[in-house]
Amino acid sequence: MAREYQLDKIRNIGIMAHIDAGKTTTTERILYYTGLTHRIGEVDDGAATMDWRVQEQERGITITSAATSCVWRDCQLNLIDTPGHVDFTVEVERCLRVLDGAIAVFDSVAGVEPQSETVWRHADNHGIPRIAYLNKMDRTGADFYRSLQMICDRLKVKAIPLQIPIGSEDSFRGMIDLIADKALYYQDNLGEIIETEETPEELREQKRFYREQLLEALSEVDDSLMEKYLSGEPISEEEIRAAVRKGTVSRKIVPVLCGSSKRNKGVQPLLDAVVDYLPSPLDMPAASATDPETGEVVVSACDDEAPLLALVFKIQTDPYGKLSFIRIYSGTLEAGKTVYNVTKQRRERIGRLVKMHANCRRDIPAAYAGEIPAIIGLKESVTGDTLCVEEHQLLLEQMEFSEPVISSSIEPLTKDDQDRLGNALHRLAEEDPTFRTHVNEETGQTLISGMGELHLEIIIDRLQREFNVNAAVGQPQVAYRETITRSAKAEGRFVKQSGGHGQYGHVVLELEPLPTGEGYKFIDKTVGGVIPKEYMPSIDAGIQEAMQKGIASGSPMMDIQATVTGGSYHDVDSSEIAFKLAGSMAFHNAASKAHPVVLEPVMKIEIVMPQEYMGEVIGDLSSRRGRIEETVQQNDLQVVRGLVPLEPMFGYATTLRSITQGRGTHTIQFSHYDQAPAHIVEELTRTGKIA
């Protein structure tokens, strides 16, 4: 079976934004205008097609990314609607890993919000071209030009309007297309009747200014257009569009459009921009993978005839099975065939291949390079695994995810619940790489860890509804860490003689603190063969195992460099296990001398509230050990940004609502780990929150 759409007619795009900017509302309009749905689903009514989970419908927010495919102007748009809440950033991160382009949606009242910056940074890391869409132009306080300036200033990009709005707030009627030099007016509530007119007299000067700015920016992208621009020659629409595409794909400019998705204005031009300016798989750099045997980097072209190379980027699980979403970088995948999981070194059989529309599945016989299908039947593959053919093994770069910052205990209520709990937690952890579960050996409690209170709340809700597990949940606990503050040197010697073959391992270890966020480094500086090289991985493993239980609080340790400087071995008695234990002992001895300290997670916070509540809000934040970094006036609202430890912030949403009479909102996201003050450590120890 031949592919339905050629590669140059495919757009793999994501919709990303801060929570409540209108991502899902925009997606619903895209589905309607492309003919995929025949009625517009509203988020507020819990009827959005892409928010299909019960938890999403009840809360009116997107929790998991949802995929669909639709057609616009003979192009296939493979679309992923991503969450905007900071607790679910992993959903955005792993989707951006496999996409070719993105629509960044901004609330034209709030402009660039904290999570907008976070997802923009993730897109930068993956080199993804973007279109900016300033939504909610009909809302009170909407300001296209202020939001445009915020994109330029905060995101450090050259944001170039392709449209400017006609009116704003209640008077928002349409937009002026700067490329076609015409005004678009929306005449009906469904946004299907669009009239084209000349630019109104009062906006002609503004249109002239921004069109000139557009041509000037494009002249820096396209040499031939620059010659025409400088010589004053007329430039055609086709030439301008070609230059915008070139600048967008090369990420030298970010085209900016505007509209009101809720009022059905501006979505069709946005779809045109996706087709005209965002890249096809052919426009993106070929995938780079590593030969697992030689370590050589191999470039794999996006070609149906090339050997298969695909990445599992998302697992979706429910009580009935597992769905594996993949991006095919090269080759062809057929249902019923066997593939090779290079990461796990296992063969996997493709049960069924499906195209997704939210939670609806359509079987397909095959999928091709550049496409994003889903597989039913993979048993061992998880997020980040590479699939290929066994004869041509390549390994794509692994995906990295943030560590959880909050934990709760969970206890099943009955024996039946206990039997179901283990399986349910395993499935949920397989689906979500930022959700972890483990058993505390000292207390015997099962602990679940995630990225925030809402994250754990959703997990617990899913346990009850989807997996029929009834459980008692403990109060959230902060995931503390430890590090060392000075260098120290110590040795570890493991000697055991019990008649016959003994055990001998001797390691001299030096520990040094690393800058925040550097993690762990292991260095071998031994000379003269005092320890055979084959024992170094065992020493490394022993150190990493010892780091899981720190000295000061029993919390895992981080940001440490461990250097093996000496030691000794025995020709007969030395073994891998002996050196692993010796490495662990050496680390413990050295860490005890290196002044270990407890680290607590520090969060970035942004609070938006009316001016009259500012004093009380800042006072409350200070009592929680918060540090104010910036206060900004935004129309008639005040925005406070700062840093605050996570532990005092539990239940803050209720407090803020009480202080501001329900008119204040806040967003909070992980920033970094910092040393906890001594009196706080004493209090945490006294209350049993740390050992």
Side-chain angles (χ1 to χ4, degrees), residues 12-24 26-27 43 48-57 59-68 78-99 101-105 113-126 128 130 311-318 322-327 356-359 372 374 382-385 398-406 427-436 449-459 461-462 466 667-670:
N12 295 316
I13 61 169
I15 299 190
M16 62 184 202
H18 186 90
I19 190 170
D20 206 30
K23 296 177 304 302
T24 303
T26 302
T27 306
V43 174
T49 306
M50 303 298 273
D51 284 352
W52 56 271
R53 288 193 185 278
V54 177
Q55 294 84 358
E56 295 175 314
Q57 293 167 356
R59 290 169 172 81
I61 62 171
T62 302
I63 292 168
T64 59
S65 53
T68 190
N78 296 320
L79 184 68
I80 298 181
D81 177 27
T82 63
H85 196 284
V86 63
D87 284 13
F88 310 108
T89 306
V90 63
E91 287 287 327
V92 188
E93 172 75 7
R94 60 182 174 184
C95 291
L96 290 175
R97 170 74 168 80
V98 300
L99 294 172
I103 300 169
V105 181
E113 298 174 272
Q115 186 68 357
S116 306
E117 295 184 58
T118 301
V119 296
W120 193 274
R121 190 170 62 250
H122 289 323
D124 278 340
N125 293 339
H126 294 295
I128 293 176
R130 276 143 281 174
L311 179 74
V312 179
F313 71 92
K314 172 179 164 66
I315 300 294
Q316 184 174 299
T317 185
D318 56 42
K322 185 171 82 170
L323 198 63
S324 307
F325 289 79
I326 65 166
R327 165 69 190 262
M356 297 300 296
H357 173 49
N359 63 330
I372 302 179
V382 296
T383 300
D385 284 0
Q398 285 281 54
M399 300 167 75
E400 295 183 2
F401 302 105
S402 302
E403 289 292 316
V405 297
I406 185 172
R427 283 174 174 268
L428 291 171
E430 195 174 50
E431 176 181 311
D432 184 351
T434 58
F435 171 65
R436 310 282 170 82
S449 306
M451 301 306 295
E453 288 181 272
L454 179 62
H455 189 192
L456 291 187
E457 186 183 317
I458 297 296
I459 290 287
D461 194 31
R462 290 187 61 192
E466 294 178 29
T667 55
I668 188 167
Q669 65 186 88
F670 175 72

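Position 1 is the first residue of the sequence, and the numbers go up from there.
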Give the intermediate values and the outcome of salt bridge (Lys or Arg N to Asp or Glu O under 4.0 Å) for residues Arg94 and Asp432.
-> CA-CA 10 Å; Arg94 60 182 174 184; Asp432 184 351; 5.5 Å; no
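- Here CZ of Arg130 is found 4.5 Å from CG of Asp124. Values are rounded to the nearest 0.5 Å.
- Of all the heavy atoms in Gln398 and Gly384, the pair that sits closest is OE1-O, 2.8 Å.
- Summarising the geometry, atom OG1 belonging to Thr26 is positioned 8.0 Å from atom CD1 belonging to Ile103; distances are rounded to the nearest 0.5 Å.
- Atom-to-atom distance recorded for His455:NE2 and Thr434:OG1 is 4.0 Å, nearest 0.5 angstrom.
- A side chain to side chain contact (heavy atoms under 4.5 Å, CB included) with Arg97 holds for exactly one of Asn125, Leu311, Thr383; it is Leu311.
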Glu93 and His126: side chain to side chain contact (heavy atoms under 4.5 Å, CB included), yes or no, with the steps?
-> CA-CA 9 Å; Glu93 172 75 7; His126 294 295; 3.4 Å; yes
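- The line from CD1 of Ile15 to CG of Asp81 is 6.0 Å long, rounded to the nearest 0.5 Å.
- Between Lys314 and Glu91 a salt bridge is recorded (basic side-chain N to carboxylate O distance below 4.0 Å).
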Can you list the steps and then say if Met16 with His122 is a side chain to side chain contact (heavy atoms under 4.5 Å, CB included)?
-> CA-CA 11 Å; Met16 62 184 202; His122 289 323; over 6 Å; no
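- How far CZ of Arg121 is from OG1 of Thr118: 5.0 Å, rounded to the nearest 0.5 Å.
- Taking all atoms of both residues into account, the shortest heavy-atom contact from Ala17 to Val105 is CB-O, 2.9 Å.
- Listed here is the closest heavy atom pair of Leu456 and Ser449: CD2-C, 3.8 Å.
- In terms of heavy-atom proximity, Ile372 sits nearest to Val98 at CD1-O, 4.3 Å.
- Between Cys95 and Ile80, the shortest heavy-atom contact is SG-CG2, 3.7 Å.
- Of the charged side-chain nitrogens involved, none lies within less than 4.0 Å of a carboxylate oxygen, so that Arg427 and Glu466 do not count as a salt-bridged pair.
- Val92 has its side chain out of reach of Ser65: every pair of non-hydrogen atoms, C-beta onward, lies at least 4.5 Å apart.
- With rounding to the nearest 0.5 Å, the separation of CD1 in Ile315 from CG in Leu428 is 13.0 Å.
- Nearest heavy atoms, Thr68 versus His357: OG1-ND1, 2.6 Å.
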